[in-house]
Every structure is written in C-alpha cells, then in structure tokens.
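Written out below as structure tokens is the structure these notes cover.
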Amino acid sequence: MPAYSYAPLPVELDALVGMGMNRVKLAIAVALAQHGGTLSTPELVTALEDAVAGTTITRNLHEL
C-alpha cells in the first residue's frame, strides 16, 4: 500500500483536496508561486516542511 504525503497547504486551498485535486501537486504549485517559480527538488522538500519525500516531489513534477 502506498504511503500518502500530508503536504502542507494554505487553509483556503485545503477544500480543493476535497474536490479531488492532488494535495502534493497543489502544494508544489503554491511553493513555486511563493518562491518565484524556481526551486530545486531539495528546496521544494524544505519549502514543504520536509513533509514530502524528494522522490514524490520529482514524480509529481514530471506528472505536472
């Protein structure tokens, strides 16, 4: 069974997860927007408070 990440999201975006949107992808998009659109995977791990593994971030970036 896969482990699910609890990526941190602003409270106002949390409702989107309930509508079926991917929490990790949303959190990545928010982090990138807050940091001018350019973060490396290690920087994204830090921006997401170490709640999401680098491999998960990389996979989700490729899917985006």
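The figures here come from the full heavy-atom set of this structure, side chains too, leaving out hydrogens, waters and symmetry mates. Nothing fancy with the numbering, it's 1 onward along the sequence.
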Notebook entry, point to check: Less than 4.5 Å apart, any side-chain heavy atom of Thr58 and any of Leu61?
Noted result: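 No, side chains not in contact.
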Check: Side chains of Glu43 and Thr46: donor-acceptor distance under 3.5 Å anywhere?
Finding: no
Check: How far apart are the C-alpha atoms of Leu16 and Leu9, what are their side-chain angles, what is the distance that settles it, and do they pass the side chain to side chain contact (heavy atoms under 4.5 Å, CB included) test?
Finding: CA-CA 10 Å; Leu16 294 174; Leu9 281 177; over 6 Å; no
If you look at every heavy atom in [X] and [Y], which pair is closest and at what distance?
X     : Y     : result
Val52 : Ile57 : CG1-CG1, 3.6 Å
Ala7  : Val24 : CB-CA, 4.1 Å
Ala27 : Pro8  : CB-O, 3.5 Å

Check: With hydrophobic residues grouped by side-chain heavy-atom distances under 4.5 Å, do Val45 and Leu64 end up in a single group?
Finding: yes
Note to self: I need the Met21 CE to Leu13 CG distance, nearest 0.5 Å.
What the structure shows: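 Taking CE in Met21 and CG in Leu13, the distance rounds to 9.0 Å.
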Check: What's the verdict on side chain to side chain contact (heavy atoms under 4.5 Å, CB included) for Leu26 and Arg23, showing C-alpha distance, side-chain angles and the deciding distance?
Finding: CA-CA 5 Å; Leu26 284 170; Arg23 179 178 206 87; 5.7 Å; no
Note to self: Using the rule given for side chain to side chain contact (heavy atoms under 4.5 Å, CB included), can you reason through Ile28 versus Leu48, listing the C-alpha separation, both sets of side-chain angles and the distance that settles it, and then say yes or no?
What the structure shows: CA-CA 8 Å; Ile28 289 171; Leu48 298 180; 4.2 Å; yes
